[in-house]
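This report concerns only the one structure given below.
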Amino acid sequence: MRAGVFICECGGNISGVVDVESLAGHARTLDGVVEVAVNQFMCGTEGRALIADAVEERGLDHVVIASCSPRFQGPTFERIARELKLGENAVAFANVREGCSFVHRDMPDKAQEKAKRIVEGAVARVRHQSDLPRQRTFLHRSVLVVGGGIAGMTAAEELSGAGLDVHLVEREQSLGGFMARLAKTFPTEDCAMCSLAPRLTSTAVDGHIHIHTLTEVDELTGPPGEFRVRLRHKPRYVSEACVGCGECIAVCPVKLPSHYDLGVCEQTAISRPFANAVPSTFAIEKKGWSPCKSACAVHTSAQGYIALVAEGRFEEAYRVASEPNPFPSVCGRICTALCESTCSRGEVDEPIAIAGIKRFVADTVGPTLPVQPAPVIHDDVVAVVGAGPAGLTCARDLAQLGYRVTVFEAQEVAGGMLRTGIPDYRLPHDVLQREIDQVLALGIDLRLGQRAGRDFTVDGLFDQGFKAVYLATGLQKSAEIELPGGDLEGVTRAVELLRELNLGGTPAVGDKVVVIGGGDVALDAARSVIRLQQQRGIDPDVTLVYRRTQVEMPANASELEEAREEGLKVEFLVQPVEILSESDDEDAAGPGQGPASRVTGIRLQRCKLGEPDASGRRQPVSVEGSEFELAADTVVFAVGQALVDDFAQGCEGLAIEGGQIRIDRETMMTTREGVFAGGDAAAAGFFTAIEAIAAGRRGAAAIHNYLRGERLLPVWNEVRDTARPSAEELDGIEIGQRVPMTMVDGLVRRADWAEVGKGYSAEEAVAEAKRCLNCAVCSDCGSCARACPSGAIDWDQRETTEEITVGAVILATGHRQFDAARKIPLGYGRHANVIDQGQLSRLLSAAGPTEGELFRPSDGAVPKRVFMLQCVGSRDVTSTGNAHCSAICCLFATLNASLIRQHYPDTEVTIGYTDLRAPGKAHEEYYRLVQERGVRYVRGRVGEILEEKDGSLRVHLEDTMTGRKHEEVFDLVVLSAGLEASDGTRDIARVAGVQTGAAGFIREDHPKLRPVDTQRTGMFVCGTAQGPKSIPDSIAQAKAAAARAIAMLSSGFTMTAAQVAASDPAVCIGCGVCETVCPQKAVVLTTGADAHSIVDPSICRGCGICAAECPTGAIQLGGFSDAEVLAEATLR
Amino acid sequence: MPLTNRGHEILGRLPTARPRTSSGIGCEIVRHEELCVGCGTCAKNCPSGASRRGDTFDVWQLLDAPAGSRRGALGAALRRIARREPAGPIEVPPRVTVYRTIVYDAELCLGCGTCARNCPADAIEALAPKLSMTGDATPTLPTTGGGAATSSATPNAAAPTLAGAASGEVTP
Amino acid sequence: MTAERSNHDRTTAEPSGSTHVTGDRSIVAFCCRECAYAAADASANARTSLPPSVRLVLVPCTGRVSPLHLVTALAEGADGVMVAGCLLGQCHYREGNFNAVDRVAFVQRLLESVGVEPERCRMFTMSAGEPPKFVAAVKEMDRVIGALPPLQRHDTSMSEDAGDAAEPAKAAVRTRAATPAKAAAATRGAA
């Protein structure tokens, strides 16, 4: 090396104590030193020239400056070295001023010796100093600002003014933040919204600022200057066609506590927080599908019609209920109602009577609405075989799509199993017929008495000109009975028995009847037999025998209950073995009866449940030796239904497998081109009415797609996520009771065929509907879409993601009020008239829910005595974990107290405080002014707040000035809840990888020197996200953060620092210790056989922790390698 | 403890062999602590927890470390000022990561050899397992090499206790 | 490196090594740029008088200082080493000084285990705005080290004839008996 040592006299500061010439002489003796010079001011122009000349003439490659502290003139000399083309890291410093001459003035001999050592150290060090690389990194001239409150908007405006692009991201539906909720601001009592509104407008129109509301930051990676951000945009369900008229709000039936008004009043599911909201588009809060909607086979918006019923809007409710289902009166009576089994209210007390409410609406409104014939749009004619629920629903949908439909029905009445299977007392025939007629009134041609295979064939239909055929013939016969004695007289089948009954006949049943089966059909048969027996004048004697237990029974639980009330006897876990007759006794045969063929009884065997079979149901296993007999003269089998396949004749190519018509699940088409099927005949395992209706809808969509030649309609609905209230929300619901449905006493009602369930009255239906929890918030009722004059409601919106790259990030995610309910003795959340300052602000706001009138929550009265309690959730580490003072609450309370006093001179306001803190500019003066306005300040602590009967509050107050405890009664209590980091702040801290401190606030890089930087280079913080502060302080910090970002990005590129760590792959063993210890996450390990560490120089801060830990010395800190540090320390 | 594939292979060849009574069958692990650099790779990858970062440090590992290594440099410096031999291991404060003695619990060791395979400092050897051919417990099976995953050790150096066993010879 | 330096590979009764300032002990102070060195500069600007034994070595953060640096400094002539950094929790680089605290404690234990006074290595914290703390730290270190004898250093060769046979402070430390395996391994590993 060829080093030059340049000794500064520093105008006597050094030379006054140290003999610089002697020092120079010593320096000349050091190895590697080829030039030594002394100057009075080495940092001046003369000194610079000296160095420059020496470098050039003597060919110096390293420079040692013996002068003041490197912390002062270090950058000067380093710049000189760079200009002299010596590179980075060519200079070593011998601090002989602060390090020697200044501190050893009284011992010049020792100072001299020490100065020699210091120079020796620098020369030893510089020997090991080599050039350090710097990388040029590109900086995107754009900034991500997270948080659209006053701080975020201020920062955005500053950044935009500097010509940078800004992405302003806000998770709520509008910009504004907490300031938008304030009434006025201290100390000037300016209207908050008046100050904010111009800022909102200017942000909205600023071309540089891209506003993203209802947006989350999901990912934030990459180096400073090139941060990669993944944004997630949540759907508003309202397009930009929205003109902000508010017609939708008037019709939305769902109410929830208002987010913007902090729960002081309600909002609707569709809303806009305030008039000046940016953007001004409304938004719908929609968490997904309610569980009832998800569970329903046709995805009826049950929450929708229930919400409308709760408001007494029955006609609208009917429209919602009948849109997907042409048989609401029917289903309201007989549906299996999976919606009710999954109803969230069932977690609290009992599920909502969803079916019962539908029945009420359909019975009340259905008959009143005239049905117009549907216009025919298409030439194609479609045939439907079977006028059951599947067939008629398919016909309805096709008619509404503009097709001419002809329905062929084998029986002389329409309705399928709804008509021939379900008795009057459950589903009156006239109710069913009314809904059938409403379907037919669309212009559907119904041909009764036409049986496929006998009166026409499917092939023939095509010949006649039909373009598609829908087979919905159901399962019209009983399954075969394989039991000894199954052919005896007195053995009947439930399906046939019920059909005979429902078509006007009187099936013959004996005096002692056993019904075998556990489904709805078995119960229908059993209860019908009870009535038949009753009508014959005998005491009903019917026993139902089922081989599993009640839990496994497919029938509705309520059906079984009602049947028992009507006298049905039930034997569970019993299987039939044989049907008995007096076969061997010829003499027993009576007149008119065939010899030896009459049922006399049934042998049964008890069983128990064994292992589940393929369907998952536990199989009954006979119990040995448990056979017994029941006397019976009639045995009714209700053990399943089977396909009557006469339609298959004359339908070429139709495949029937396993007793079902085979269909393609996607197209609903059978194996015969143009022939579709659904309902019980092609059910894929679901044999209920509602599933048949759903099948009919799918069939119609499939046929429409087929006939039009393109996929115009989805056959299967896109299923959305199911939304439910959280466990916490459910906990808060008061336990109630389902409104019971009026029912005639069982023993009375079995005397006739009148409908047993009387249905809800209007009051009952409304009361029951009000129990609904509105699981999905938006209930999918569609009222807003109908009311919107500009058609702005858009259900097709979905969550989308967007990736952007920015150069810097500013976090301005704000705070939340401490949840005062956590301080249990204060009664927040339990006593109606205990609120917090934020809520009070909403009440005092001129544009707020009460238009600025202070109406207390419980009764709307104007309070005469108001108490405000300070330090709720602040300065309270023991019970809340928050040790900090929230900085603004004393003034917030003072402000609100002042507003109350000015508006209501007769109202007394007392503020109970711990210390009254008014630190900012003009704050103390304001406090004094408000005291003069008559606000009473009591230095006191509150133990407990109790509620009186009239809603007023008894406050147990300890006056710490006098030391006395007393009670006072107030009409309204306002808690000054402290400031904590908002949920958004916690979330973004996690995503961005920045540290947080106490109460979750984002930790600044240095508490004094770098208040708006974070530990991650390129990420800044401002506003209440960093800590509690007033609005002017938030604005100041926002401008500071913006200035930092502007400074960082102004040139568009930067050089990485020289003093960063670097890892030598040849020495690195890939142990990963460096990666673990780096506080900046600047080191990563490559993978594979030759794994080694790599440092990102744009992230590395140059602390050197990694270098100190490295077991091999592979990773070193530029400018502070082991060699350099040790050389200086050991003088070698 | 279930047999490893290697264990099965060995038993397949030598049906009357009985494994050692320590928990696993497999290689014998020999750790050369003076070569250890304290990176913790063995501990990180050990499937059974037999190797783990300890809370103490055997100072001898500094004094015996090879010259030219980082520990060696620290050891050499310590040697120069040392007045006596270290009494015992010292406790290590939590943020000191590499100056730790790896605790090796032979009872937990499976003999899988992962530590030896991955040790970047070649401080661990995995020797072929020693099995008894007869009923007695003294291992006598000679090996032809280092077992599953040794480095370039010479065979004899890798099997220090095989007194008298020539390569390939089976002693009854 | 220079002819004037005494050969500190041999034990002497005098303070060893050329790192000392005549008659005084030699103390090396690793000071972090942000706090300790700044405090040092500030106290110097106030012309506070300091003992000449302490020589400053600038590091960006005390987290850079490793046990290797501390022990090597002692081995190469310092009678004491101190690490001066930011107050805990206020490190400019977030947590470097926490690492330094642990490493200093570790070195103290190392020293103690080989019979060297652990107080020869110490850590002090201060903020840039607390120059008196820096002064106090330096004076404290100077006092403690001054009360101890100069740190003796030995030749590290294992042969018997290094240095004066009469020296009581002869190297008593040997390597442990090498097994053949370890010898072989040592040969391998020294590459």
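Computed from a predicted model, the values in this text were never measured in an experiment. Letters A, B, ... mirror the listed sequences (proteins, then strands); counts begin at 1.
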Contact origin within C:E112 toward chain B - heavy atom pairs under 4.5 Å:
backbone
Identify the heavy atoms of B:A82 and C:V116 that sit nearest to each other, and give their distance.
CA-CG2, 4.4 Å
Is atom CG of B:D105 surrounded by more than 12 heavy atoms (other residues, nucleotides or ligands) closer than 6.0 Å?
yes
Aromatic rings B:F57 and C:F106: how do their planes relate, parallel, tilted or perpendicular, breaks at 30° and 60°?
tilted
Within the distance-only criterion (no hydrogens, no angle test), does the side chain of C:H154 pair as donor or acceptor with the backbone N or O of B:R79 below 3.5 angstrom?
no
Kindly compute the distance separating OG (C:S113) from CG (B:L78), expressed to the nearest 0.5 Å.
6.5 Å
Minimal heavy-atom distance between C:D102 and B:P93, with the atoms involved, is O-CG, 3.3 Å
All heavy atoms of B:E91 vs all of C:R109, minimum pair found to be O-NH1, 2.9 Å
Given that the side chain runs from C-beta out, which part of B:R70 has a heavy atom under 4.5 Å from chain C: side chain, backbone, both or neither?
both
Going from CD on C:Q152 to CZ on B:R80, what distance comes out if it is rounded to the nearest 0.5 angstrom?
12.5 Å
I'd like to verify something: which residue of B:T97, B:L62, B:I81, B:L74 has the highest number of heavy-atom pairs under 4.5 Å with chain C?
B:I81
Engaged part of B:P94 at the chain C interface, taking heavy atoms whose separation is under 4.5 Å
both
Determine which residues belonging to residues 65-74 of chain C lie within contact range of chain B, meaning some heavy atom pair is under 4.5 Å apart, and list them by number or answer 'none'.
C:S66, C:P67, C:L68, C:V71, C:T72, C:L74
